[in-house]
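Chain letters run A, B, ... following the sequence lines, proteins first and then strands; every chain starts at 1. All of these numbers come straight from a predicted model, not from anything done at the bench.
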There are 2 protein chains.
Amino acid sequence: MSEMINQLMNHRSIRTFTDDRLSTEQVRTLVEAAQMASTSSYLQAYSIMGVTDVEKKKALKEISGQNYVEENGHLFVFVADFYRHKRMSDQLGVSIEDYLGATESFLVGTVDATLAAQNLAVAAESMALGICYIGSLRNDMQRVIDILDLPAHVYPLFGMVVGYPADSGSQKERLPFEHIYHENGYDSSHYDEEIQAYDKRIMQYYQERTDGKRADKWSEQVIGMLSGKTRLDVDEVVKNQGFLKQ
Amino acid sequence: MSEMINQLMNHRSIRTFTDDRLSTEQVRTLVEAAQMASTSSYLQAYSIMGVTDVEKKKALKEISGQNYVEENGHLFVFVADFYRHKRMSDQLGVSIEDYLGATESFLVGTVDATLAAQNLAVAAESMALGICYIGSLRNDMQRVIDILDLPAHVYPLFGMVVGYPADSGSQKERLPFEHIYHENGYDSSHYDEEIQAYDKRIMQYYQERTDGKRADKWSEQVIGMLSGKTRLDVDEVVKNQGFLKQ
């Protein structure tokens with residue numbers, strides 16, 4: 001197994017960091033590695049925000065509810081970005097309004113920002129840094145837009161904290177290979193038994209990690225969360241930014 | 001610079017492959033590496049389709065218009081997938097309809113599938129394989145759904161061809177670091193001059209690569225494409241699959 005595969009297989013989210021900050025050179029290397037990810041039709045429809053301002057970090061921590069959004073080596077926020085395309089189209093006198101309002105552009109911006117983010121994550125881990133994605137910034141997407149002065153045609157997707165790990169994290173077992181990978185056609189005939197067995201293993205993991213205090217099945221955990229109707233306001237914010245007009 | 005950073009910085013899309021197929025073990029390693037990417041709230045809201053059936057590959061090639069969709073070492077299609085969550089919620093008698101119809105779930109499924117895909121791409125390149133993303137499968141998303149028998153609450157995002165490179169590809173220069181990375185607030189005051197200089201460099205790249213036959217500026221190339229109103233049907237297909245009901 002290559003060193004790279006080994007690194008990918010050993011990924012775990014890190015949520016506590018030493019006080020050491022990333023250097024300007026480290027940040028630049030990470031962003032440049034992110035930029036080399038594939039991009040849809042060469043559009044490069046994303047930007048990467050770095051947040052070092054203490055007050056802004058504090059405000060973002062309040063949105064996410066996670067201390068590590070304030071306490072880390074560096075905080076990134078990944079945004080889907082068609083602002084520069086809109087600006088160029090205005091200058092060229094060519095309308096791209098139909099595209100900007102279409103579901104396709106929302107999909108492309110989300111994909112482009114995410115490809116860059118995962119390259120950055122992999123690059124960081126190869127430098128012995130730890131990372132954690134911060135989806136909870138979408139608890140108040142409009143406030144993130146205000147804090148980071150994001151213009152129209154830009155929306156924030158998630159943050160990522162990067163830093164020197166202060167603990168070793170722990171790895172959560174994924175769904176079985178056969179559950180995720182389907183050849184030539186989607187086959188769910190084996191889903192029920194796989195999820196039952198997976199639920200048992202995850203329950204055991206939580207029991208061991210919490211001295212028996214917690215015993216969630218994966219299925220109950222995720223369905224309980226999704227039934228909570230979280231983040232219904234994402235729709236309105238994304239539309240206000242100029243997307244999903246179809 | 002670490003070997004990993006070096007690999008990321010050397011990424012280029014590969015579009016011609018030798019006749020060698022990936023082994024079952026290679027496919028499994030790639031998918032398992034993909035699975036270890038971060039996932040939103042542990043949802044694992046994606047699946048990975050492998051396509052080896054000759055007729056299906058041919059049909060997918062026709063949708064994309066790219067020969068390498070048929071001629072490669074292995075063809076993957078990445079799909080956002082809430083089918084298993086819907087199934088579990090039905091079994092538990094808990095409704096997640098509001099979430100499934102919300103923009104948030106469309107965003108999460110797209111992010112989860114893309115995180116996994118980029119891990120797979122990085123893993124493949126570490127095994128001396130070449131890759132190319134196939135966004136052009138969205139030229140006819142409904143037909144991809146039919147070919148791969150995708151159920152409700154699943155939609156295809158893009159394909160990825162993987163294989164043994166038959167050429168060395170070429171790397172396209174990205175936008176300047178300062179254009180993509182913004183600290184503490186979005187600043188577009190320097191955009192016009194950066195894009196003018198970038199346009200000149202890209203024009204030169206195309207001229208050199210085509211013996212002067214092609215001389216696209218980046219800005220004109222991408223805005224020309226986006227003004228063509230591509231893939232307006234993605235919206236209807238995604239909605240038919242149970243998403244974007246808000």
Backbone N or O of [Y] within a donor-acceptor pair of the [X] side chain at under 3.5 Å?
| X | Y | result |
| --- | --- | --- |
| A:Gln35 | B:Leu175 | yes |
| A:Lys172 | B:Tyr42 | no |
| A:Arg84 | B:Ile180 | no |
| A:Asn184 | B:Thr52 | yes |

As an exercise: rank [options] by heavy-atom pairs under 4.5 Å with chain B and give me the winner.
| options | answer |
| --- | --- |
| A:Asp192, A:Val77, A:Val238, A:Ile147 | A:Asp192 |
| A:Cys132, A:Gly228, A:Ser219, A:Ser105 | A:Ser219 |
| A:Ile5, A:Leu157, A:Val79 | A:Ile5 |
| A:Thr114, A:Leu150, A:Val234 | A:Thr114 |
| A:Val51, A:Thr39, A:Asn119 | A:Asn119 |
| A:Phe158, A:Tyr198, A:Phe76 | A:Tyr198 |

Write down the atom of [X], the atom of [Y], and the distance for their closest heavy-atom approach.
| X | Y | value |
| --- | --- | --- |
| B:Ser41 | A:Met225 | CB-CE, 3.5 Å |
| B:Ser227 | A:Ser95 | CB-O, 3.5 Å |
| A:Ser188 | B:Arg87 | OG-NH1, 3.4 Å |
| B:Arg174 | A:Ala37 | NH2-O, 2.8 Å |
| A:Ser38 | B:His11 | OG-NE2, 3.1 Å |

| request: Please look at A:Asn10 and chain B and tell me whether the side chain, the backbone, both or neither of the residue comes under 4.5 angstrom of a heavy atom of that chain. | output: neither
| task | Dump the intermediate steps for side chain to side chain contact (heavy atoms under 4.5 Å, CB included) on B:Arg138 and A:Val108, then the final yes or no. | result | CA-CA 11 Å; B:Arg138 294 196 305 279; A:Val108 162; 3.3 Å; yes
Are the side chains of [Y] and [X] in contact, using a 4.5 Å heavy-atom criterion?
| X | Y | value |
| --- | --- | --- |
| B:Met88 | A:Trp218 | yes |
| B:Met49 | A:Glu183 | no |
| B:Val122 | A:Met4 | yes |
| A:Glu220 | B:Val94 | no |
| A:Ser47 | B:Tyr186 | yes |
| B:Leu226 | A:Ser89 | no |
| B:Glu104 | A:Leu232 | no |
| A:Gln118 | B:Leu115 | yes |

| message | Quick check on A:Glu236: does its CD atom have over 12 non-hydrogen neighbours (other residues, nucleotides or ligands) under 6.0 Å away? | response | no
| message | Is it the case that atom CD in A:Glu3 sees more than 12 heavy atoms from other parts of the structure closer than 6.0 Å? | response | no
| request: Compute both the distance and the angle, then confirm whether A:Arg28 meets the cation-pi test with B:Tyr181: under 6.0 Å from the six-membered ring centre, within 45 degrees of the axis. | output: no
Heavy-atom distances under 4.5 Å only: say whether [X] touches chain A with side chain, backbone, both or neither.
| X | value |
| --- | --- |
| B:Leu107 | both |
| B:Tyr46 | both |
| B:Glu125 | neither |
| B:Gln171 | side chain |
| B:Phe177 | both |
| B:Ile202 | side chain |
| B:Glu55 | neither |
| B:Leu244 | side chain |
| B:Thr29 | side chain |

| task | Scan side-chain atoms only and decide if B:Thr110 and A:Thr110 contain a donor-acceptor pair under the 3.5 Å cut-off. | result | no
| query | Aromatic rings A:Tyr83 and B:Tyr191: how do their planes relate, parallel, tilted or perpendicular, breaks at 30° and 60°? | reply | tilted
Residue, of [options], that accumulates the most heavy atom pairs under 4.5 Å with chain A:
| options | result |
| --- | --- |
| B:Gln221, B:Arg12, B:Lys57, B:His85 | B:His85 |
| B:His179, B:Lys239, B:Lys56 | B:His179 |
| B:Gln91, B:Met141, B:Met127, B:Glu97 | B:Gln91 |
| B:Asp187, B:Leu30, B:Asp53 | B:Asp53 |
| B:Ala102, B:Gly185, B:Gly135 | B:Gly185 |
| B:Val222, B:Val111, B:Asp233 | B:Val111 |

